[in-house]
Amino acid sequence: MARKSLIQREKKRQKLEQKYHLIRRSSKKEISKVPSLNEKWKIHGKLQSLPRNSAPIRLHRRCFSTGRPRANYRDFGLSGHILREMVQACLLPGATRSSW
């Protein structure tokens, strides 16, 4: 189980990303449309003034049940070992165990 503080930090980053998403997207569109370099620098400065944790690259997927940050499957939102346990317990419809 992940530490609670790390999970809360990740939730805080998600809220910040949602809050500044439109501002960040509109600024990036402005940069591509403006021809002069000085204007691009001003807009880039405005982007840099936004909080660092509002950038979408800082978000990290975590396991839905345990909060584990590594080995996550996007389709299920679960980490590898939890996914395996759920498949073995027949809790995920359509997922089959491989055997050879």
Q. Roughly how far apart are Arg9 CZ and Arg3 CZ, rounded to 0.5 Å?
A. 7.0 Å
Q | Ile23 versus Ser26, closest heavy-atom pair with distance | A | O-OG, 3.0 Å
Q.
Taking salt bridge (Lys or Arg N to Asp or Glu O under 4.0 Å) as the cut-off, I'd like each qualifying pair that reaches into residues 13-29, sequence neighbours left out, listed once.
A. Glu10-Arg13
Q | side chain to side chain donor-acceptor pair (under 3.5 Å) involving Arg61 - partner list, sequence neighbours excluded | A | none
Q. Closest heavy-atom contact between Val34 and Glu39?
A. CG1-CB, 3.1 Å
Q. Could you state the interatomic distance from CG (Leu47) to CD (Glu30), rounded to the nearest 0.5 Å?
A. 9.0 Å
Q: Starting at CD1 of Ile31, measure out to NZ of Lys46 and round the result to the nearest 0.5 Å.
A: 9.0 Å
(Q) Working note: Ile43 + Lys40, criterion side-chain contact (heavy atoms from CB on, under 4.5 Å); need CA distance, chi angles, decisive distance, verdict. (A) CA-CA 5 Å; Ile43 297 169; Lys40 287 185 181 185; 5.9 Å; no
Donor-acceptor list for residues 75-92 side chains, cut-off 3.5 Å, not counting sequence neighbours:
none

Q. Listed by chain and number, what are the side chain to side chain donor-acceptor pair (under 3.5 Å) partners of Gln8, not counting sequence neighbours?
A. none
Q. Sequence neighbours excluded, which residues qualify as side chain to side chain contact (heavy atoms under 4.5 Å, CB included) partners of Ser32?
A. none
Q: Flag the pair His21 / Gln18 as yes when at least one side-chain heavy-atom distance between them is below 4.5 Å, and no otherwise.
A: no
(Q) Using a 4.5 Å cut-off between side-chain heavy atoms of Ile, Leu, Val, Met, Phe, Trp and Tyr, which other residues end up in the same hydrophobic cluster as Trp41? (A) Leu37
Q: Starting at CG of Asn53, measure out to OH of Tyr20 and round the result to the nearest 0.5 Å.
A: 11.0 Å
